[in-house]
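For the numbers below, each heavy atom of this structure counts, side chains included, while hydrogens, waters and symmetry mates do not. One-based numbering, in listed order, for ligands and for the atoms of each. Here the structure is a predicted model, which means the values were calculated and not measured.
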Amino acid sequence: MIRLKFVAATLLLFSTRLAFSQELKYEISFPNAVHHEAEVSLDITQIPAGPLTIRMSRSSPGRYATHEFGKNIYNVKAFNASGQELQISQVKGDVYQVEKHNGNARITYTVFGNWVDGTYLGIDKTHAHMNMPATFMWVKGMENRPVSIKFNDLDKYGWKVATQLQHKGGNTYTAANHQYMMDSPTELSAFKVHSWEDINTDKTKQTISVSMHSPDAQPVVDNFGKMVKRMVDESKMVFGELPKFDHGVYTFLQDVNPENSGDGMEHRNSTVIVERSQKVEGNEEDLLSTFSHEFFHAWNVERIRPKSLEPFNFEHSNTSSELWFAEGFTQYYGSLILKRAGFRDLNSYCNTIAGLANGVLNMPGANTYPATQMSRYAVFADAGVAVDQTNQINIFTSYYYYGATIALALDLRLRSEFKLSLDDYMKAVWKTHGKPEIPYTVPDLQNVLAKLTNKSFANDFFGRYVNGIDKNDYVKLLSNAGLVLRRAAPEKASLGMIRLSPANGKLRLSMNTLKGSAAYLAGMDNGDYFLKINDDELKTPADLNTLLAKYKPGEEVNLTYEHRGEVNTVKVKLQESNSFEVVPVEKTGKTLTPEAEKFRTAWLDSQIK
Ligand SMILES: [Zn+2]
């Protein structure tokens with residue numbers, strides 16, 4: 001993840017014999033793949049005097065919450081150079097120590113993994129889908145040593161290797177150091193490949209490769225690969241060039257199976273894309289959205305990198321105030337690029353914008369806390385596991401959506417007030433921080449904007465909309481492009497966002513009620529049984545809408561609900577449905593002006609000349 005360290009360690013690897021002998025040598029074998037186990041060994045030489053500490057990670061690059069990978073390793077043993085067993089003790093759940101060694105040790109253990117996504121480990125006869133922090137222990141204090149990994153049993157299962165690690169020969173792959181190794185997810189399977197050569201703006205050539213583990217035939221893979229290329233070419237226009245990939249190759253590691261847990265996880269020279277579809281064929285346009293989001297990360301987060309994520313801490317997740325930019329701006333471009341490349345039509349893009357408005361402008365989190373604070377909540381929200389309930393619905397707004405609405409406003413304001421665009425801003429951030437790999441802070445982002453526009457605009461924008469909780473005037477901004485943001489059904493009576501699931505012959509609220517909504521004001525909450533609106537009983541989840549349709553916003557009704565065995569009836573005033581829609585002005589009976597059409601085209605059409 002860190003270029004400086006990467007280069008330094010590469011030089012060390014090739015220039016000194018010392019480095020070779022210091023190499024941390026891993027081997028991984030799959031004698032019991034059917035029961036999701038792998039056997040791992042790690043040879044360590046030149047161990048300094050004192051205890052040797054080996055541990056599993058508690059976080060993973062690109063995942064912002066803490067995960068306990070140590071729970072899935074067992075049979076941890078240590079041996080000396082002559083194969084005699086050494087005493088090893090488990091000093092913490094995921095930390096092991098060898099007190100006595102003579103400078104050499106072999107650590108062996110079994111790892112279990114049956115979860116296919118971008119964070120964990122999934123092993124069976126069809127593949128070993130490895131996220132490194134979920135698979136490999138590492139040595140404290142030896143993070144700068146070069147690493148090699150030998151993947152065994154490839155012939156036994158008919159597997160090939162897809163990874164951003166460097167191929168050293170045979171089944172052995174290398175990484176310059178611990179950070180790069182942990183950032184290099186690896187798929188062992190009988191995947192199919194579609195790859196092409198990209199000629200960059202400076203005429204250098206790189207390979208982009210889609211490796212696809214799915215039941216699809218090669219022509220499907222090739223056709224999909226061509227769609228991915230169109231997306232890559234459109235993304236390249238935002239920054240003006242592709243990043244320089246470390247070994248001249250970028251790989252999409254795609255795994256498609258209905259048993260998967262869906263995910264996309266960016267890395268420096270590759271991305272893991274895990275889909276739950278039966279196959280790629282017929283689902284191409286859907287699947288592309290993860291590709292466009294993750295590929296945008298090759299610039300934004302991998303190289304335009306928040307200082308708060310450097311270096312990546314494998315013992316406790318890093319906390320970052322910048323995810324509204326790293327994830328949110330990526331979210332914005334993920335769908336914009338698909339629209340520009342012709343994979344989404346105007347209606348579908350309008351729905352995307354409406355989704356942002358609903359997910360942010362109507363949410364108590366975004367109306368109470370700034371995007372920077374919501375970014376820091378990622379350590380709990382990003383696939384973080386909680387046994388107890390949280391109040392996320394009222395205190396948290398996804399930094400993906402929050403950041404994407406900020407990106408949308410900034411794009412439309414740069415276009416309407418400065419004859420610039422967000423692409424110009426992204427290019428400027430790329431030149432200042434991404435290409436030279438100088439990690440940034442929020443004030444750095446503000447400085448780049450000040451240079452592109454002026455100090456007072458950048459001060460105002462960051463002060464009010466990034467560090468503050470003001471919201472831009474989206475109705476006015478979207479009207480520049482002939483798009484109408486409005487309430488979708490203001491005539492509908494509403495209790496607020498409610499999720500009902502059948503339980504014990506009744507209907508139970510399975511989510512906290514939204515602060516300020518009629519249901520919230522009535523005192524109803526998660527776990528309560530919703531029994532009646534006036535005298536009408538609720539029997540199925542669909543009854544909620546049918547019964548509410550009898551009333552108008554502003555009317556008073558009695559809500560009857562049961563909380564821990566106690567039945568309450570409370571009178572509340574029904575509110576108007578606040579959900580948003582975005583409609584092209586020409587579909588509202590008005591005309592699209594030539595200026596608005598020009599604005600819309602410049603924003604949403606292909607940037608490839
Ligand atoms: Zn992302």
Side-chain angles (χ1 to χ4, degrees), residues 1 59-67 117-120 131 133 164 182-185 228 231-232 234-235 238-239 242-243 250-255 260-276 286-306 308-310 312 317-338 352 355-356 359-360 371-372 374-384 396-408 422 426 429-430 433-434 439-440 445:
M1 306 282 267
S59 66
S60 176
R63 186 102 266 172
Y64 306 111
T66 304
H67 295 263
D117 69 354
T119 307
Y120 292 100
N131 189 44
Q164 67 172 31
M182 285 295 169
D183 188 46
S184 302
V228 174
M231 176 280 289
V232 166
E234 197 66 57
S235 309
V238 174
F239 294 96
L242 282 191
Y250 183 91
T251 309
F252 292 94
L253 301 158
Q254 188 185 14
D255 195 292
N260 285 344
S261 162
D263 203 359
M265 192 57 68
E266 71 281 0
H267 298 276
R268 201 174 148 84
N269 303 298
S270 63
T271 184
V272 171
I273 293 177
V274 175
E275 308 281 2
R276 309 186 67 158
D286 268 0
L287 299 184
L288 272 179
S289 57
T290 317
F291 278 74
S292 65
H293 177 104
E294 301 308 329
F295 191 66
F296 201 80
H297 276 315
W299 294 272
N300 193 26
V301 92
E302 291 300 331
R303 290 165 178 85
I304 300 173
R305 193 146 179 85
S308 52
L309 296 181
E310 283 296 321
F312 198 83
S317 48
N318 301 51
T319 304
S320 174
S321 299
E322 291 82 17
L323 299 182
W324 60 273
F325 184 78
E327 288 298 349
F329 277 47
T330 301
Q331 181 77 14
Y332 173 70
Y333 271 106
S335 43
L336 178 58
I337 282 161
L338 293 185
T352 301
L356 293 179
V360 176
T372 44
M374 296 294 88
S375 299
R376 295 193 292 275
Y377 198 79
V379 296
F380 305 116
D382 187 37
F396 176 62
T397 293
S398 161
Y399 41 89
Y400 287 83
Y401 283 79
Y402 207 160
T405 57
I406 295 171
L408 171 67
L422 195 64
M426 295 313 288
V429 178
W430 170 244
H433 290 280
Y440 70 85
L445 293 178

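Checked against the 6.0 Å centroid criterion, the rings of Phe295 and Tyr250 qualify as a close aromatic pair. Tyr402 and Phe396 have their aromatic ring centers separated by at least 6.0 angstrom.
The Zn ion (ligand 1) lies closest to atom NE2 when only the N/O/S atoms of His293 are considered. The minimum distance between the Zn ion (ligand 1) and any N, O or S atom of His297 involves atom NE2.
At least one N, O or S atom of Glu327 sits under 2.8 Å from the Zn ion (ligand 1).
For the residue pair Glu266 and His293, no side-chain donor N or O sits within less than 3.5 Å of a side-chain acceptor on the partner.
Residues satisfying the side chain to side chain contact (heavy atoms under 4.5 Å, CB included) criterion with Asn318, sequence neighbours excluded, are Leu309, Phe312, Asn313.
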